[in-house]
Peer 1: 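Sharing a structure with you now.
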Amino acid sequence: MSWEVVFGPGGIPIQCKGNSMADGVRCAKALGLGAIEWELVHGAKVKQESAEKVGLAIKETGLRLSAHAPYYISLISHEHPKRKKSYEYILDTARAVHYAGGGRVIFHPGFYGKWDEKKAFEEMKGEMEFLVKEIKALKLNVSLWPEVTGKFSAWGSLEELLEMRKQVKGLNACIDFSHVHARSQGGLDSKKDFERVFDLIESYDKKMLEELHVHFQGVRYSDKGELSHLEIAEDSPPWKPFVELLVERKCGGTVICESPVLEADALRMQKYYRSLTVE
Ligand SMILES: [Zn+2]
């Protein structure tokens, strides 16, 4: 099978005894998982030495590495110092990943603020183009994956992310299905609903399914969007049709689980995925 999806936790596994990211990588491997996301969500200033320790664990285990940049990014803020700070958050995360051997940088791009949707897109496009160029100029071995966001105030619907990826060469897009569910006010209910999302992705670029970066967990939401993450057992959205479509559409890439039970749900999805892929 040339296509394969690997699963992992968003952060150090809960049952892990150590508390460093390098410990977390080894622990995820021991549990039988294939990926891990480094949660640099409250700050991404990592010493090169610490990042290299993570890199050593990654090399040892063969896990796929991604890192989630700080939550405070606000790329199209009307206050320019906030934009500059946002570049720093993203570039700090990128440096950490680079020194850990390279991988994916995931981030929430920012808020609409006073912009209307059209203007926000144009502003955001300029920022994304700048960041792609900057990563290249700094020769950092990372790729940029802005994420579909869960609150209506945050820029980044599924359609906006797919369109941005199409227009900005070198940019990727992380699909968070719980955020798609929250933004559509419970729109992912049946397998048909998931099929529509996969169809939409394919309509932008068929190749995208071969190298996905996905977040999947349950979500609680209000009319403003996402409130909090839930275990996949809550079926909000239902997780089985999602895993089935990964197989049916021959997807490749990484699925990161940010549920409250992290690795337990990542393992549960992986187990079902494997049960469908053995011949
Ligand atoms: Zn996120």
Side-chain angles (χ1 to χ4, degrees), residues 6-13 21 24 28 35-44 46 64-76 85-94 96-97 103-112 124 127-128 131 142-162 164-165 171-184 188 197 201 208 212-222 224-232 236-237 239 242 253-263 265-266 269:
V6 295
F7 295 81
I12 299 167
M21 184 57 190
I36 191 164
E37 197 150 290
W38 196 357
E39 296 290 311
L40 298 172
V41 295
H42 299 296
V46 179
R64 247 182 243 169
L65 181 68
S66 51
H68 198 304
Y71 289 136
Y72 326 114
I73 291 163
S74 191
L75 281 172
I76 55 172
K85 195 78 198 142
S86 302
Y87 305 151
E88 250 177 70
Y89 288 132
I90 292 169
L91 294 175
D92 283 343
T93 309
V97 172
R104 299 173 174 184
V105 171
I106 319 301
F107 61 98
H108 303 175
F111 299 87
Y112 293 102
M124 194 58 92
E127 298 300 335
M128 296 292 182
L131 285 164
V142 304
S143 50
L144 292 178
W145 299 71
E147 177 184 334
V148 174
T149 54
K151 288 196 177 73
F152 289 116
S153 56
W155 185 89
S157 66
L158 176 63
E159 289 79 0
E160 284 170 329
L161 262 306
L162 291 173
M164 190 62 78
R165 179 186 177 277
L171 192 75
N172 298 282
C174 165
I175 315 288
D176 184 313
F177 278 88
S178 74
H179 293 167
V180 173
H181 192 56
R183 282 189 99 105
S184 58
L188 300 178
V197 174
I201 295 170
M208 190 173 168
L212 287 170
H213 196 86
V214 165
H215 288 167
F216 198 101
Q217 58 278 323
V219 67
R220 209 162 60 84
Y221 57 88
S222 72
K224 292 188 175 66
E226 170 192 30
L227 290 173
S228 60
H229 286 174
L230 301 171
E231 294 183 25
I232 61 170
S236 169
W239 61 279
F242 160 69
T254 304
V255 173
I256 293 295
C257 182
E258 298 175 328
S259 107
V261 295
L262 292 180
E263 72 270 23
D265 276 350
M269 284 193 276

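Each ligand, and each atom within it, is numbered from 1 in the order the structure gives. What you see is a predicted model; the values in this text were computed from it and never measured.
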Peer 1: Indicate whether the side chain of H229 and that of E226 have a donor and an acceptor atom separated by less than 3.5 Å.
Peer 2: yes
Peer 1: Regarding S143 and R104, do their side chains bring together a donor and an acceptor under 3.5 Å, going by distance alone?
Peer 2: no
Peer 1: Without swapping roles, check the side chain of T149 against the backbone of H108 for a donor-acceptor pair under 3.5 Å.
Peer 2: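 Absent.
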Peer 1: Side-chain donor-acceptor pair under 3.5 Å between H68 and H215, yes or no?
Peer 2: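 No pair is found: no donor N or O on one side chain lies under 3.5 Å from an acceptor on the other.
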Peer 1: Can a donor-acceptor pair be found between the side chains of H179 and Q217 at a distance below 3.5 Å?
Peer 2: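 Result is no, nothing qualifies.
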Peer 1: For K85, enumerate each residue passing the salt bridge (charged side-chain N to carboxylate O under 4.0 Å, His left out) test, keeping only those at least two apart in sequence or located in another chain.
Peer 2: E88
Peer 1: What protein N/O/S atoms sit under 2.8 Å from the Zn ion (ligand 1), by chain and number?
Peer 2: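 Atoms qualifying: H68 NE2, H108 NE2, E147 OE1, E147 OE2.
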